[in-house]
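Following: one structure in structure tokens, then a few remarks.
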Amino acid sequence: MSGGQQQMLALSSALMTEPEVLLVDEPSAGLAPDLIEEMFEHLLTIREDTGVAILMVEQNAKQALAISDRGYVLDMGENRFEADAETIRESERIRDLYLGK
């Protein structure tokens, strides 16, 4: 199975237990660019259709913040900033320091 197929299988398996919270660690890691978009679409669908809360750790901050309600910015293992996702996305300071332009 490809990396994308493995990721989708892992998500499906986790959802079979009908969790209230789904912890997702680096869902885009190792995926081809076109599959990254698909993965985030699936996560959004899971959240919207099932009501399952998703706690995600993700290096692709722009993509993750696009589907998130809240975000935390970690730097050297410490929480440097937290706010609703829109505030983080729109903050020039956060973008310049952590997200890139």
Side-chain angles (χ1 to χ4, degrees):
M1 288 197 318
S2 71
Q5 290 170 328
Q6 290 175 21
Q7 292 280 47
M8 295 300 173
L9 179 60
L11 277 177
S12 299
S13 296
L15 290 170
M16 289 178 66
T17 64
E18 298 181 1
E20 292 181 24
V21 178
L22 184 63
L23 176 58
V24 183
D25 185 21
E26 300 285 349
S28 69
L31 297 182
D34 57 330
L35 292 178
I36 292 172
E37 182 69 32
E38 187 176 337
M39 173 60 75
F40 282 101
E41 288 174 11
H42 284 296
L43 290 171
L44 185 58
T45 299
I46 290 167
R47 187 185 78 168
E48 291 176 346
D49 291 354
T50 67
V52 171
I54 299 174
L55 176 60
M56 177 178 11
V57 176
E58 176 60 57
Q59 292 281 335
N60 187 340
K62 289 179 185 178
Q63 194 90 29
L65 288 169
I67 66 165
S68 298
D69 295 320
R70 187 153 193 81
Y72 298 82
V73 178
L74 301 178
D75 183 19
M76 300 300 288
E78 293 189 30
N79 187 20
R80 299 290 186 204
F81 192 81
E82 65 182 86
D84 61 272
E86 183 178 358
T87 298
I88 293 174
R89 283 192 312 265
E90 294 179 359
S91 169
E92 287 184 37
R93 177 176 168 251
I94 298 299
R95 187 173 47 250
D96 291 347
L97 289 173
Y98 300 105
L99 304 179
K101 301 203 185 246

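Quick caveat: nothing in here was measured; it's all calculated off a predicted structure.
The two residues N79 and Y72 have their closest heavy-atom pair at ND2-CD2, 3.7 Å. Across T17 and A14, no two heavy atoms sit closer than the pair OG1-O, 2.9 Å. Residues A29 and Q7 share a closest heavy-atom pair of O-NE2, 4.0 Å. The heavy-atom pair separating N60 from S28 by the smallest distance is CB-OG, 4.1 Å.
Counting Ile, Leu, Val, Met, Phe, Trp and Tyr side chains that sit under 4.5 Å apart, directly or through other members, L74 stands alone, with no cluster partners.
The CG atom of L31 sits 11.0 Å away from atom CD of Q5, with the distance rounded to the nearest 0.5 Å. Here the straight-line distance linking atom OG1 of T50 with atom CG of L22 works out to 8.5 Å at 0.5 Å rounding. To the nearest 0.5 Å, the span separating OG1 on T87 from CZ on R70 amounts to 8.5 Å. Separating the CD atom in E90 from the CG atom in D84 is a distance of 8.5 Å, to the nearest 0.5 Å. Distance check: M56 CE to D25 CG gives 11.0 Å after rounding to the nearest 0.5 Å.
Using a 4.5 Å cut-off between side-chain heavy atoms of Ile, Leu, Val, Met, Phe, Trp and Tyr, with links allowed through other members, I67 and I94 fall into different hydrophobic clusters. L15 and I54 fall within the same hydrophobic cluster, where Ile, Leu, Val, Met, Phe, Trp and Tyr residues are linked whenever their side-chain heavy atoms come under 4.5 Å apart, directly or through other members.
Of the possible polar contacts, none joining the R89 side chain to the K62 backbone as a donor-acceptor pair under 3.5 Å is found. No donor-acceptor pair under 3.5 Å is formed between the side chain of Q59 and the backbone N or O of E26. Checked by atom type and distance alone, the side chain of S68 never pairs as donor or acceptor with a backbone atom of G71 at under 3.5 Å.
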Donor-acceptor pairs under 3.5 angstrom involving side-chain atoms of residues 35-46: please list them, not counting sequence neighbours.
residue : atom : partner : partner atom : Å
E37     : OE1  : Q63     : NE2          : 3.0
T45     : OG1  : E41     : O            : 3.0

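Applying the salt bridge (Lys or Arg N to Asp or Glu O under 4.0 Å) test to pairs two or more places apart or on separate chains, those with a residue in residues 45-54 are R47-D69.
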